[in-house]
Structures are given as C-alpha cells and as structure tokens.
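These notes are about the structure you will find just below.
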Protein chains: 2
Amino acid sequence: MPSDSIDASVRPDAVVAALREAILSRGLVPDAAVTEAYVSSTYAVARPTARIAIDRLVTEGLLVREPHHAARVRRLGRDDIDDLFTSRAAIEAAAVELLAATSTVPADAVEANRALLDQPADAPYAARDIAFHRSLVNGTTSTRLPRLHDLLMGEIELGIAQVDAHRLRSADEVAAEHRSILDAIAAGDVERAGRLARAHVLASRDGLVAHYDSTHGSPHDSTHRK
Amino acid sequence: MPSDSIDASVRPDAVVAALREAILSRGLVPDAAVTEAYVSSTYAVARPTARIAIDRLVTEGLLVREPHHAARVRRLGRDDIDDLFTSRAAIEAAAVELLAATSTVPADAVEANRALLDQPADAPYAARDIAFHRSLVNGTTSTRLPRLHDLLMGEIELGIAQVDAHRLRSADEVAAEHRSILDAIAAGDVERAGRLARAHVLASRDGLVAHYDSTHGSPHDSTHRK
DNA sequence: CAATACCAGATTGTCTGACAATGTCAGGTG
DNA sequence: CACCTGACATTGTCAGACAATCTGGTATTG
C-alpha cells in the first residue's frame, strides 16, 4: 500500500511514476504479475487508466506482456545487461563527442560529480552516478539522444536493482573517471572524450556482467541467445 | 513500432498503423490537427481506443500534443533533421561495429542492396535504402539497437516525406557506399566499418539539410509556438 | 473607442459499467 | 491415466457520461 500519494495533475503519469518506483525499489519483484485490476485498486484509478499506465511501462521495457496475459515485471538476464550497456555506451559516447566539439561542460554534470564525492564512502552511489550521466546527455543540444538514453536508463536501473550490486567499484574511482571525461570535453578533444566515455560505460558493463556470472553461477554464454 | 506489436489483430495497433501510413503518405499534412473524434470516426473505433493510438504516435514522435489540445502532425525543422541523422549515425555505427566484430554480414542487407541497384535509375529509392539500413541494425544480436533505431527511423521517414527530396544522390552511388560498408564488415575491420557507416549517414544528413536550406530559404525553423 | 470580463463551443481527461474473447486449470469421465 | 469440458480469471474493447480546460468572440465597462 504505497498509499494514494497521487494528487498529481495527470493521472496516468502519476500511476506510471508510482508503478515505476515500486518496480525499481523491488516492491514488485521480477516475474510478479501486474494485473490491470491490481493497479486499478492499488492506485485508485479506473481500469482503463491502469491499462494505459501498464502500456507505457511495457513500451519502456520495465514490464512485459503477452496477449491475454497479465503483465509481468521484466526479468533481465545476462545478455540483457550486456546489450543495455553496450547500447548505452554508443549513445553516451556520441553525446560526449557533441559536447567536446564545442567544449561545452554542463554545469549540473560537474555538480553531480561533486555530489558523488561528498557522499560517505560506503553509501550506495548508483543514483548519483546515473544523475551525472543523465546530465551529460541532457547537456547536449540534441533532443533525441536524451530520449534514447532515457529509454535505456529505465531498463538499466531495473537491471542494477535486480543484479544486487552495490559498489562494485569505489565512488572515488568512478568520480575520477568522470573527471577525466569532463576534462577531455573542456579541452575540446572529441576523440579522447568519446573514447573515455565509451570505456567508462563498458567497464561498468563488464563489472556488472562478471558480478552476474559469479552470483548466478552459469559461466558460459557470451553472444549466444537463450 | 514493429518492435513488439506483432499481433496486428489488436485494434489500437491497426489504427496506429493506418494513422502512421496516413501521416507518412502526407494524407495528413504537418500541423494538421488530429483530434480523438476524428480518429474515432475515421477508423470506426471508440474514442478511448483512438486516444491510445494517438498516444502511441506521440511517443513515436510523429504527433505532438499539448495538454487539452488536439494532437498535431509534427513538423520537422532543419534542426530536427540534423539531430535525427546525427543520432542515427551513432546507432548505425555501433551496430555495424558489432557486425564487423564477428564478420557477420546479414543476408537480407545484401539482398536489400541488390534490390536498390535493380531499380530503374529514376525511381525513388528511399524505401529500399531504409530497408538496407534496417536490416543492418536488425542483423546484430542486440535487441535494443533496433528498438532505438526504429524510433529514429519513424521520425526520419516523416522528415524525408516533408523535405520533399527525391534522389539527392544517385542510387548507384548510395549502393556503392553500402557495398563498401558490407565489405568492411566481412573483412572484420571494426574501425573501418564504423567509420564508413557513420560517414554514409552523415552524408545523407548534410545532403538533406542543404536541400532544406535551399528550399526553405530562411535559416529559422523548428516548432513554432506563439 | 479600447480594454477587460465573460460566456459558449470544442476538446481533452477520466470514470463507470458492461460484454465478448481468450487462456488457465481443476474435475469429472471413459 | 489420458482426455475432455466447463467454470474462472483476465484482457480487449466499447458506449456513454461528466468535469476540466483552452479558444475565440461578444458584451460590458471605463
């Protein structure tokens, strides 16, 4: 009972936000059925409205649905994590290259990275890390790159929640890499900025995938599909 | 769009397809109002169903909507074209690099490129060109890259329809570049394949933008609000 | 005569309630 | 024990209704 903290203006949006929160906080575990009736009664909206909210989360990739079946919370596998971060690396590299081309360092990216260091060393920093990356992409003049990035980040947040990986690397280490990316942008070094950004994201990918393998046992797969 | 909704028997999906067709074929011109009532009566569905269809096209970017206003067919400006192709270049380069890493040449990409050459020289080749690019991205093992690519291509098709640009370059020329990309993939040359793919898409961008400038004269554009 | 207040129409945003289609699963039957 | 059947759960869609909100024009007012 997340209570009815929904007096937002647009109803379906509020429901989407509440549902997303529930999913990402693992209030709804992977494979859990999310029926229209459940959403309808939990958030005190009509079933059509609940249906719309579920629809949106399906297109966001947080829920999956087959015809005439209840939607379920998506379970991300090793290959999904791999794919998500590989795609994300491409987007972020492109964004960072755009920034470097005009030596534009987004102010809130700097701010976000500072916040990352101000945290106590043992605090989970995933949210602040993500904030940094988002502000990088949002700092470009592009409107499509943030759109694509958001799409990926929604699923990635789900993946991070499912692969219960806190602090695979230290916040200091991560922040230092962020710093070097910002430096390359400021220097207008397009090639280096892009390379660093790509490497940074791919390192996260490899860390997560390795962690996934070590916790889920199965050691072989790679580019094979299920 | 064709990303997940494979069941065409679903009403809203059918309406979405029909509406998209109408928009891309310019049956609905830019800035034309698309009210729920219009969709409802035109396609003989209830208003809620029409609303859902409009919703989807808004998230696809073909329609724009402000609260309490009718949705309108999106008008793409110079900056939009630029942004779309720049983002697309990043996606396609990433896809082609994935293919080259395993020297995987998608069979239907070869086929699509052959079809491009078999066309009479003066025929519009936009559809076949797009088919080639789609099959490249779909040929990867990634599931997210095609999703992102589709999102961009939907808007890009709209842009190509709006900027009435037939054959800025000859089909032969385009097919030759495709050929060299396929060669690089077959050779497993990741760097070269990515570079060629990026250049190929950016060349299209520059051609379209130049054409836009020459036909629309004024260097201003984008969504005009009052 | 100009500026403002206000009213009517259009359109969206959401609800209630209903019904058919489809998929699931437990029980009964041979 | 395999198989059929029918109740149940859930989705997919519809119809109609009503309040909220925006637009544009008209009437009121200074």
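All chains are named by letter (A, B, ...) in the order of the sequence lines, taking the proteins before the strands, and each is independently numbered beginning at 1.
For dT12(C), neither phosphate oxygen OP1 nor OP2 lies less than 4.0 angstrom from any side-chain nitrogen or oxygen of R51(B). For H69(A) and dT10(D), the shortest distance from a side-chain N or O to OP1 or OP2 is not below 4.0 Å.
Rounded to a whole Å, the CD1 atom of I52(A) is 15 Å from the P atom of dT11(D). As a whole-Å value, the separation of D55(B) CG from dT14(C) C1' is 13 Å. Rounded to an integer number of Å, the gap from CD of E36(B) to C1' of dA15(D) is 15 Å. For R72(B) and dT11(C), the CZ to C1' distance is 14 Å, given to the nearest whole Å. The distance between atom OH of Y38(B) and atom P of dA10(C), rounded to the nearest whole Å, is 19 Å. The CZ-P distance, from R65(A) to dT10(D), rounds to 15 Å in whole Å. Rounded to an integer number of Å, the gap from Y43(B) OH to dT13(D) P is 17 Å.
The side chain of H68(B) lies closest to dT12(C), out of dT12(C), dC14(D), dT11(D). Taking the side chain of A70(B) as heavy atoms from C-beta on, and the options dT12(C), dT24(C), dT13(D), the nearest nucleotide is dT12(C). When distances are taken from the side chain of T35(B) to each of dT11(C), dC14(D), dG12(D), the shortest belongs to dT11(C).
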Might you list the N or O atoms of the protein lying below 3.5 Å from N or O atoms in nucleotides 17-19 of chain C, with each pair's distance?
from	atom 1	to	atom 2	distance (Å)
dA18(C)	N6	R47(A)	NH2	3.2

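Using a 4.0 Å cut-off between charged nitrogen and carboxylate oxygen, R56(A) and E60(A) do not count as a salt-bridge pair. Of the charged side-chain nitrogens involved, at least one lies within less than 4.0 Å of a carboxylate oxygen, so that E157(B) and R134(B) count as a salt-bridged pair. Under a 4.0 Å N-O distance rule, the pair D80(A)/R75(A) does not qualify as a salt bridge.
Side chains of Q119(A) and R128(A): a donor-acceptor N/O pair is present below 3.5 angstrom, by distance only. Using modelled atom types, one finds no donor on one side chain facing an acceptor on the other under 3.5 Å when comparing T59(B) with D55(B). Checking H149(A) against H133(A) by side-chain atom types alone, no donor-acceptor pair falls below 3.5 Å.
Overall, the helix from dC1(C)-dG30(D) to dG30(C)-dC1(D) carries an axis bend of 10° between its ends, with five pairs at each end and the value rounded to 10°.
Nucleic acid contact for A46(A): base, since at least one base atom lies under 4.0 Å from a heavy atom of the residue.
Note on ring orientation: taking the six-membered ring where Trp is involved, the planes of Y43(B) and Y38(B) are perpendicular (angle over 60°, cut-offs 30° and 60°).
In this structure, R205(B) and L84(B) have side chains that are not in contact, with every pair of non-hydrogen atoms separated by 4.5 Å or more.
Here the options are I156(A), L148(A), V137(A), the test is side-chain contact (heavy atoms from CB on, under 4.5 Å), and the partner is R88(A); only I156(A) passes.
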